[in-house]
2 protein chains.
Amino acid sequence: MRIGELARRTGASERALRYYEEQGLLSPARLPNGYRDYDERCAVTVRRIRILLSAGLGTAAVAEILPCVADDTVVLAGTCPELREGLAAERRRIDAAIGDLTAARDILDSLVGRPLYGPAAPAA
Amino acid sequence: MRIGELARRTGASERALRYYEEQGLLSPARLPNGYRDYDERCAVTVRRIRILLSAGLGTAAVAEILPCVADDTVVLAGTCPELREGLAAERRRIDAAIGDLTAARDILDSLVGRPLYGPAAPAA
DNA sequence: CTAAACCCTGACGTTGACGTGAAGGTCAAG
DNA sequence: CTTGACCTTCACGTCAACGTCAGGGTTTAG
């Protein structure tokens, strides 16, 4: 498929898709006329990219991670310790971010008078 | 206290503290010599600011929220529907962000061979 | 008096993930 | 042939939350 369709199917803008390629996250084939030609797996990859990016990872980190998960099966498991430590660091950052988000949500909830956790019904 | 001490006590940089003031999030008194003079409540406020910012809210949103929670007690509960809807929207965004983060963490975990959640053992 | 911490107000620089044209090929339809 | 949708490659613009000087007061310690 060409870039327009992939954009529609993934929700990413065409610009974003070209940017991902520029950053080495995606390497679509080219049609004889120079158009980019994406296959089905690209759609999956793009969704993964967006998840990782929206989780605060940079394109460089995503570029390191993608090839490992790209072939649908988990591949890593035993690779260079550098990468493993990098992933662990990202994991810690993500956990911290989740903590921050949860704290912020609690603040918002307290403003609206929503209970701070559990399904405990609001004191009638 | 002056800006340096508040910075040390909150972890925010002096620049950040001036920026928060510039954005209307903080309004410290001034000493006769022009120095900013923060009281204890400012420390609490700054921590709240940082949580909300790190949760992805913008300074404008934080500025709307802060006065409601500032006086230590939850105050809002029944305010203009605009603000309430804004808060609800932020809450939805935060929930979505948490979802993304969790998904990203799962991807990372799968790379490291960690079980994705439930106690289902990884296929040997 | 002088250095050393502090503080002040501008105001330009940074970073990341794109947005937004500019200028121009390609291709199916009428 | 021409319109129009689609694609291409540059390349500058954006936005947020600060970082980082520049240039200059002030108060304390020696």
Side-chain angles (χ1 to χ4, degrees), chain A residues 1-39 42 45-66 90 93-94 96-97 100-101 104, chain B residues 1-39 42 45-66 90 93-94 96-97 100-101 104:
Chain A
M1 84 191 79
R2 291 175 306 183
I3 198 171
E5 190 182 342
L6 183 61
R8 272 173 307 225
R9 287 177 51 177
T10 59
S13 69
E14 303 183 4
R15 176 66 172 98
L17 295 176
R18 295 196 187 98
Y19 176 71
Y20 298 157
E21 182 179 356
E22 183 187 325
Q23 300 298 307
L25 307 184
L26 219 50
S27 301
R30 293 292 181 141
L31 296 171
N33 57 15
Y35 290 11
R36 289 172 178 82
D37 185 25
Y38 300 92
D39 58 27
C42 288
T45 303
V46 168
R47 285 185 203 105
R48 259 196 283 257
I49 291 175
R50 309 216 95 204
I51 288 175
L52 291 170
L53 286 182
S54 75
L57 305 208
T59 52
V62 176
E64 281 192 279
I65 292 173
L66 274 186
E90 295 289 1
R93 279 185 18 202
I94 288 177
D100 286 346
L101 284 170
Chain B
M1 81 192 81
R2 290 175 308 182
I3 197 169
E5 190 182 341
L6 183 60
R8 273 175 308 235
R9 289 177 49 175
T10 60
S13 69
E14 302 185 4
R15 176 65 171 97
L17 294 176
R18 296 196 187 99
Y19 176 70
Y20 297 157
E21 180 179 357
E22 183 187 324
Q23 300 298 307
L25 307 184
L26 220 49
S27 299
R30 294 289 183 144
L31 296 171
N33 57 12
Y35 290 10
R36 290 172 179 80
D37 186 25
Y38 299 92
D39 58 27
C42 287
T45 302
V46 168
R47 285 186 203 104
R48 259 198 281 257
I49 290 174
R50 309 216 95 206
I51 288 177
L52 292 170
L53 285 183
S54 76
L57 305 208
T59 51
V62 177
E64 282 191 278
I65 292 174
L66 274 185
E90 294 290 0
R93 277 185 21 199
I94 289 177
D100 285 347
L101 284 169

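The structure displayed is predicted, hence computed values, not measured ones. Naming convention: chains lettered A, B, ... in sequence-line order (proteins, then strands); numbering from 1 in each chain.
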Return the nearest nucleotide to the side chain of [X]; candidates are [options].
X	options	result
S13(B)	dC8(C), dT8(D), dC18(D)	dC18(D)
Y20(A)	dC7(D), dC18(C), dC7(C)	dC18(C)
Y35(B)	dA17(D), dC7(C), dT20(C)	dC7(C)
E14(B)	dC27(C), dG16(C), dC7(C)	dC7(C)

Rounding to an integer number of Å, can you tell me how far [X] [atom1] sits from [N] [atom2]?
X	N	atom1	atom2	result
R18(A)	dA17(C)	CZ	C1'	15 Å
Q23(A)	dG16(C)	CD	P	9 Å
E5(B)	dA5(C)	CD	P	18 Å
L17(B)	dC18(D)	CG	C1'	11 Å
E21(B)	dT9(C)	CD	C1'	12 Å

Any L53(B) side-chain heavy atom under 4.5 Å of Y20(B) side chain: yes
Compare side-chain N and O positions of [X] against OP1 and OP2 of [N] and report whether any pair is under 4.0 Å apart.
X	N	value
R15(B)	dG13(C)	no
T59(A)	dA17(C)	yes
R30(A)	dT26(C)	no
Y19(B)	dC18(D)	no

For G4(B) and for G58(A), find the nucleotide of DNA chain C with the closest heavy atom, then tell me which residue's nucleotide is more 5'. G4(B)
Touch class at under 4.0 angstrom, heavy-atom based, for [X] against every strand present:
X	result
L53(A)	sugar-phosphate
R36(A)	sugar-phosphate
L57(B)	sugar-phosphate

Below 4.0 angstrom, N of the basic side chain to O of the carboxylate: do E22(B) and R18(B) qualify? no
